[in-house]
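This report concerns only the one structure given below.
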Protein chains: 2
Amino acid sequence: MIVPTLCALAEPTRLAAIRRLRDGQEHCVCELMDALGATQSRMSRHMQVLKQAGLVVDRRDAQWVRYRLNPALSPELASMLDAILIAQDSLERKAA
Amino acid sequence: MIVPTLCALAEPTRLAAIRRLRDGQEHCVCELMDALGATQSRMSRHMQVLKQAGLVVDRRDAQWVRYRLNPALSPELASMLDAILIAQDSLERKAA
DNA sequence: TCTTTATATGCGCAAATGCGCATATAAAGG
DNA sequence: CCTTTATATGCGCATTTGCGCATATAAAGA
């Protein structure tokens, strides 16, 4: 079902995390929590939700856990992510 | 914010309603509740959520309330809806 | 081995959500 | 008017959610 995926995305911090991961690079939790102003435990749990939804994958690297977009995302899901982020951009521009 | 919009869509009955409304036609609550197997009060409330999110508009027509996609939806939001429905289609095909 | 840094998780609690049920409102038609 | 059909909503309740806090786990390095 697409619904759990949408659920995972329907949260400001998680959507912001996805936006950051959209650069194709890996990002550790500590970077994301700083950038997005979340507490450590919250950020960790948010990333678990995204992982559970299959949107991201993680990898242990020394002390860090590196998250990146799931490279196996179907083209349809990738397009959906793009469309969501673009829609968000457009709404923010409209607000300004 | 896009988040409330995603929230509104992240529910099976509501997403199914949006899919039906995607035909551009008007649909009354009684039709949607029958088609989607929802109770009357649930369906009514779901449509209120979609309306509140700006995704649909309604119109009184005798005893009926006709819902349709918000014709003033921005192209970006319309594209997002399409992308979500396409992603859902692709997941369902994958499941089969 | 002790400390530091990074991440995950158990837990308790307050708030939010979702639902059914009953009832209210609205319009049409006998 | 009274009934029927369609829709909306108030309310109570059980479940879920989201959060902070403390603590556990993991890895590195002094």
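Please read all numbers here as calculations on a predicted model, not as lab measurements. Just so you know, these numbers use all the heavy atoms, side chains as well, and skip hydrogens, waters and symmetry mates.
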Students should find that the nucleotides of DNA chain C closing off the region near chain B, any atom under 4.0 angstrom from a heavy atom, are C/dG18 to C/dA28
Is D/dT4 paired to anything, Watson-Crick or G-U wobble with both distances less than 3.5 Å, and if yes, which nucleotide? C/dA27
Across all strands shown, which nucleotide pairs with D/dC21 by Watson-Crick or G-U wobble geometry, both distances under 3.5 Å? C/dG10
State the [atom1]-[atom2] distance between [X] and [Y], to the nearest 0.5 angstrom.
X: B/Asn70; Y: B/Leu21; atom1: CG; atom2: CG; answer: 11.0 Å
X: B/Met47; Y: B/Tyr67; atom1: CE; atom2: OH; answer: 6.0 Å
X: B/Cys30; Y: B/Met43; atom1: SG; atom2: CE; answer: 11.0 Å

Any base atoms under 4.0 Å from A/Ser41, or only sugar-phosphate, or nothing? Heavy atoms, all strands. base
Name of the residue among A/Arg19, A/Lys94, A/Arg22 meeting salt bridge (charged side-chain N to carboxylate O under 4.0 Å, His left out) with A/Asp89: A/Arg19
Stretch residues 3-33 of chain B: residues that reach within less than 4.0 Å of DNA chain D through a heavy atom: B/Cys28, B/Val29, B/Cys30
With a 4.0 Å heavy-atom cut-off, tell me which residues in residues 54-67 of chain A come close to DNA chain D, sorted by residue number. A/Arg60, A/Ala62, A/Gln63
Scanning both residues in full, the closest heavy-atom pair of A/Ala83 with B/Ala83 reads CB-CB, 3.7 Å
B/Ala16 to B/Leu36 - nearest heavy-atom pair and separation: CB-CD2, 3.8 Å
Taking atom CD as the centre, does A/Gln48 end up with more than 12 heavy-atom neighbours from other residues, nucleotides or ligands that are less than 6.0 angstrom away? yes
Tell me whether the count of non-hydrogen atoms from other residues, nucleotides or ligands lying under 6.0 Å of CD in B/Gln52 goes above 12. no
Residues A/Arg66, A/Asp58: salt bridge by 4.0 Å N-O rule: no
Hey, does A/Glu76 have a side-chain heavy atom less than 4.5 Å from the side chain of B/Leu91? no
